[in-house]
Every structure is written in structure tokens, then in C-alpha cells.
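Down below is the structure, laid out as C-alpha cells.
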Amino acid sequence: MSEVRVRFAPSPTGYLHIGSARTALYNWLYARKTGGKLILRIEDTDLERSTKASLDTIIEGMKWLGLDWDEGPYYQSEHSAEHTEAAKKLLAEGKAYKCFCTKEELDQKREAAKEAKAEYGYDGTCRNLSAEEVAEKEAAGITSVIRFKIPDGIGEVVFEDKVYGRLEKRYSDLEDFVIVRSDGSPLYLLSNVVDDLRDGITHIIRGQDGLGNTPRQVLLYEALGAATPIYAHMPLTLDSKKAKISKRKHGEAVAIHFYREMGFIPWAFCNFIALLGWSPGDDREIFSREELIENFSLDRINRSNSVFNIQVNDPKFFTDPKALSINAHYIKTIDISELAGMVKPVLERAGIWEESYEGEKREWFLSTLDLIRERFHTLNNFAEGGRAYFDDSYEVEERALKRNIVKSPELREILPKLGERLEKIEGFDGEDVEREMRAMAEELDLKPGTIINGVRTAVTGQLAGPSMFAALGAIGKERVIDRLKNVDWLFKKAEAL
RNA sequence: GUCCCCAUCGUCUAGCUUGGCCCAGGACACCGGCCUUUCACGCCGGCGACAGGGGUUCAAAUCCCCUUGGGGACGCCA
């Protein structure tokens with residue numbers, strides 16, 4: 001059996017979104033699994049809408065996701081001569097014909113048919129023009145498009161889809177479609193087939209929205225005297241209202257770069273989208289690259305569409321909760337030095353990165369990450385909820401302020417005093433600190449929790465976090481004492497509430 | 001309007017090919033409890049689905065039909 005060759009063929013008319021990323025991922029997985037090749041081909045024949053900026057974000061997105069390709073990028077627009085050549089061949093063989101209907105006429109007919117609730121396919125006006133009629137119209141300077149001629153008779157196109165099984169389409173349900181515009185430029189249906197032929201594509205893995213094109217493309221392969229590739233149509237990704245995901249409607253929340261900006265680990269994101277329409281057949285949901293490649297197969301792709309459950313205006317989730325939970329899983333379990341490499345750019349962007357984290361403070365940096373990563377969901381959390389561990393510029397959470405400061409105004413005096421007491425103790429290990437706090441609580445006849453939670457709020461700005469004493473150890477004696485002695489800002493904030 | 005595809009918890013899904021092991025399993029979310037100085041940590045528990053109706057069969061989530069619902073395609077877009 002010959003080598004598997006698959007392709008990812010985006011059109012550069014926007015950013016890479018969830019749906020296209022998943023298509024890219026499935027193609028990549030299949031190529032890697034079979035030891036085949038993934039070809040990246042840019043379908044830029046729509047010059048009007050294609051942009052360089054869009055192309056760049058698509059490539060960046062692929063790279064960020066870690067989906068590498070073996071050939072390309074190839075550009076469809078560079079092969080338009082081949083496409084029109086193929087069209088001419090079909091024309092010469094009588095498998096296509098020139099159509100002189102104008103766009104306006106056709107639009108009108110389509111509108112009329114729509115209103116009359118009738119079928120609105122092409123009616124075949126120019127299908128049987130004689131050579132003389134064609135010559136006459138051309139002599140009169142009327143421009144024409146080239147239409148592919150659907151075979152006559154009551155036959156049907158039959159093809160096998162890896163996901164949907166055997167599919168058939170009657171010729172009578174197909175209309176003669178345009179393959180070359182009146183300006184001589186080729187159209188997608190044709191270009192796509194010609195390119196796939198040239199690139200030696202063996203398997204076409206694409207979204208189910210391409211299913212309607214398949215019968216026509218199969219006909220094109222046959223007319224061109226070529227064997228058809230193997231098809232695998234994947235179900236679509238819908239939004240929570242069950243509408244197809246689109247850039248226009250959903251904006252940033254479906255853009256790949258959005259997930260990078262929000263602090264996703266690339267592979268965690270791949271892991272998540274892989275599960276939108278595919279499952280291994282058992283309960284596993286977390287896969288390393290190698291495991292996913294190993295387990296992936298086309299025939300375990302679902303047939304039904306899935307919902308990408310984006311939450312809008314949800315204070316807790318900015319995207320599908322499951323995506324977040326998978327990301328959190330990776331944050332918790334990934335190798336700590338690998339995590340450090342991912343947190344670095346986040347801290348840099350937040351302006352709180354220090355070179356020493358890769359030098360003399362590396363030990364401290366790694367153990368601190370390990371301490372706080374437990375309850376984080378995104379990499380950005382390290383610069384948000386984790387900010388106090390790295391810098392003094394942290395904010396205080398309103399909920400923490402209300403619960404731990406507003407209710408205990410006496411802390412305004414107590415916290416600085418605690419700072420002084422801690423200053424006097426020898427070391428700074430958890431036990432000593434804890435003993436000191438509890439002793440102080442007893443002396444003042446307060447619940448230990450009041451002091452401990454007050455300290456948490458003052459020193460980290462957070463309501464939640466790791467064990468307080470471990471946290472203090474990570475932040476360090478000096479900074480802790482400093483923060484405890486200067487709690488006025490907190491109480492001013494509390495008063496301002 | 002025509003054609004095509006799909007249909008299991010709120011969401012992602014397992015089970016459907018080869019009916020019985022499924023009064024349907026897991027994950028996320030949600031709710032409750034425990035742990036604790038705290039928590040979007042952890043642990044334990046709970047809620048929660050075979051769209052509806054007909055068949056076939058000793059037996060149907062699994063097979064067949066109809067209805068309903070959802071999606072897609074029908075461009076001189078890709």
C-alpha cells in the first residue's frame with residue numbers, strides 16, 4: 001500500500017478557529033499515526049478575501065498547537081493554469097460546456113424559484129447549445145463560464161465515507177456546476193480536485209460541510225480519469241445554540257490565538273478538541289501526544305455534531321468548562337521545568353519576570369510554581385492569583401477583603417504587630433510561624449482563623465491558596481514582614497467599599 | 001423548495017456493527033458532605049439521558065418504519 005498523504009487546506013480569510021484547528025489536528029494525527037505526510041496547502045483563489053495577515057495567524061496557530069507539516073505551504077493560486085487546463089480538457093471531451101447565462105439572469109431565476117418555493121438549481125439553459133450557437137454568441141462578444149456536465153440518465157454517484165459509510169447521490173439531484181468563471185479563473189470545486197490529484201492526496205479528512213461537495217468532486221475525479229481518494233467527513237462543531245461556529249458570529253472566543261492569550265497549554269487544547277467528535281472507545285480522556293497518535297483512528301470519529309460549550313458573560317468560565325478542566329489537569333501534572341518555560345512568557349507579559357528565576361532563584365521558582373499550580377486553571381493565573389508570590393504589585397480580591405478584613409477591623413493593629421513578632425523569631429519555617437500566630441490569637445482571645453485568614457489576604461491578596469504557612473515560606477520572611485507592617489492600604493480599600 | 005446527514009445526562013461521550021452482561025458507564029458542570037486557616041485543591045456522595053410513536057423479537061439504547069427536532073448543502077465563496 002502506498003504512503004498516506006493528507007492535507008490541511010485552509011483559506012486565508014480569517015484566523016484559525018476551533019473548527020479548522022480540529023480539522024488540522026485530525027489530519028495531523030492520521031498522518032503521524034500512519035507514518036504518512038501532512039501537506040499544508042493554502043487555498044487562496046479568492047483574491048478578494050485572502051490576506052497575508054490571515055495566513056500568518058493560521059501558520060502561527062498551527063505552530064502554537066504543535067502541528068507540524070511535512071510539505072508546503074503550497075499556494076493554490078500558483079496553480080491556476082493547471083486548473084484551467086483541466087477544465088479545457090473536460091470541455092474538449094464534452095464533459096463540460098460553455099454557459100452564456102449572466103450572473104444577473106441566474107440570480108433572478110434563483111430568487112424567483114426561492115419565492116415560488118421551487119427547486120433553485122441551474123436549469124440547463126446552455127447545456128445543449130449547438131456548436132453554431134456557441135460560435136454565434138462568442139462572435140457577439142458574450143462572455144461565458146464553463147460548467148461541468150452532470151452525466152445524463154438515472155444513475156447515481158456512490159462513494160464510501162470512513163465516518164458516514166456508503167453514501168449515494170442521484171445525478172438528478174445534482175446540477176451542472178460552474179468550474180471556471182467568466183474571467184477565466186478556476187473555481188474551488190475544480191481547483192481543489194486538481195490540487196489534491198497533483199499533491200497525491202490519498203485521504204481527505206474534512207468537515208461535514210464538505211459532504212455536499214463530495215459527489216460533485218467524485219464526478220470530477222472520474223471525468224479526469226483519476227481514482228477517488230478516501231473520504232472521512234468529520235462532524236461539525238456547533239455553539240451552545242447549535243449554530244455552526246463561525247468567526248463572524250463568535251469572534252475571539254473561537255479563535256485559536258485567544259486560547260494562547262488566555263493561558264492555555266497548547267497540547268491541553270489539542271487534547272480537548274480531539275475529544276470533540278472522537279473518542280477512544282473507553283473512559284480515557286487525557287492523552288499525551290504519543291498516546292493520542294497511537295489511539296487515533298478515523299472509524300472512531302462520531303457522526304453527530306458536537307457543541308463547543310462557550311460560556312458568555314460567565315464570571316467563572318470564559319470558555320467550555322471542560323477545556324478549562326483539561327488545561328488545569330495539565331498544569332497540575334506537567335513536568336515542573338516544562339511548566340516553568342510556559343509560565344515565563346506570562347510573567348514577562350505581566351512585567352514581573354526576573355532573570356534570576358533561571359539562575360540563582362531557579363530552585364525557589366520551581367518549588368513556588370509547584371506549590372501554587374495545584375488550583376490554577378490557566379497559565380495566566382500565575383500572574384493573577386499567583387502574582388503576590390513574585391511581586392509586591394498584587395491586588396486584593398474583593399471577596400477576600402469583605403470576608404477577612406472588613407469583618408475584623410482589629411487586624412489593622414494586629415497584623416503589623418505580628419510582623420514585628422515574626423521579625424524576632426530565628427528562622428522562618430512553617431512550624432515556628434504557625435506557633436507564633438496561634439500564640440498571638442490565644443493572647444488576644446481571637447480565633448486562629450481570623451489571624452491566619454487576615455494574613456492570607458494581606459500577604460497574597462487572595463481568598464484561597466495553598467496552606468498559609470507554605471505560602472509564607474515561599475513568599476519569604478522579609479516580604480511577609482514588610483507586607484504585614486504595611487497593611488494600611490488594605491484597610492483604606494476596605495473603607496472605600 | 002430540493003437533497004443529504006444526525007439524534008444517549010446541561011455539555012463531551014461509552015454502549016449500537018455481532019439485540020440479553022445497560023432499570024445505561026465515565027468525564028466536565030451543578031448540588032451536598034468531609035478535610036481544613038482558606039479555596040475554582042483533594043476525597044466521598046447525589047442530581048441527571050436512551051426525542052416521541054409504532055413494529056420485529058422470548059428480549060431493543062442497540063434492528064426496521066413513521067413523526068418530531070437539530071444540522072448541513074443547494075454561488076461566476078472556499
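None of the values given here were measured: they were computed from a predicted structure. We use all heavy atoms of the structure for the numbers below, so side chains are in, but hydrogens, waters and symmetry mates are not. Every chain is numbered from 1 and lettered A, B, ... according to where its sequence line falls, protein lines coming before strand lines.
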By the side chain to side chain donor-acceptor pair (under 3.5 Å) test, which pairs, at least two apart or in different chains, include something from residues 151-161 of chain A? A/Arg127-A/Asp152, A/Asp161-A/His233
Would you indicate which nucleotide in B/U37, B/U13, B/A7 comes nearest to any side-chain atom of A/Ser304? B/A7
Any N/O pairs under 3.5 Å between the protein and nucleotides 62-73 of chain B? List them or say none.
| from | atom 1 | to | atom 2 | distance (Å) |
| --- | --- | --- | --- | --- |
| B/G71 | O2' | A/Asn305 | ND2 | 3.0 |

Donor-acceptor side-chain pairing of A/Asn381 and A/Arg375 below 3.5 angstrom: no
State whether a side-chain donor-acceptor pair under 3.5 Å links A/Lys109 with A/Thr125. yes
Quick one: is B/U38 close enough that its OP1 or OP2 comes under 4.0 Å of any side-chain N or O from A/Arg403? no
Which residue in the set A/Leu276, A/Ile273, A/Leu65 passes side chain to side chain contact (heavy atoms under 4.5 Å, CB included) when paired with A/Leu25? A/Ile273
If you check every side-chain atom of A/Val307, which of B/U11, B/U37, B/G42 has the closest atom? B/U11
Phosphate contact (B/C5 OP1 or OP2) by A/Arg166 side-chain N/O below 4.0 Å: no
Calculate the interatomic distance between A/Tyr164 atom OH and B/C4 atom P; express it in whole Å. 15 Å
Across the strands shown, which category fits A/Gln462 at heavy-atom distances under 4.0 angstrom: base, sugar-phosphate, nothing? nothing
Taking OH from A/Tyr171 and C1' from B/U2, how many angstroms apart are they, rounded to a whole number? 19 Å
For A/Thr237 and A/Arg22, does a side-chain donor sit closer than 3.5 Å to a side-chain acceptor? yes
When you check the side-chain N and O atoms of A/His329 and A/Asn271, is any donor under 3.5 Å from an acceptor? no
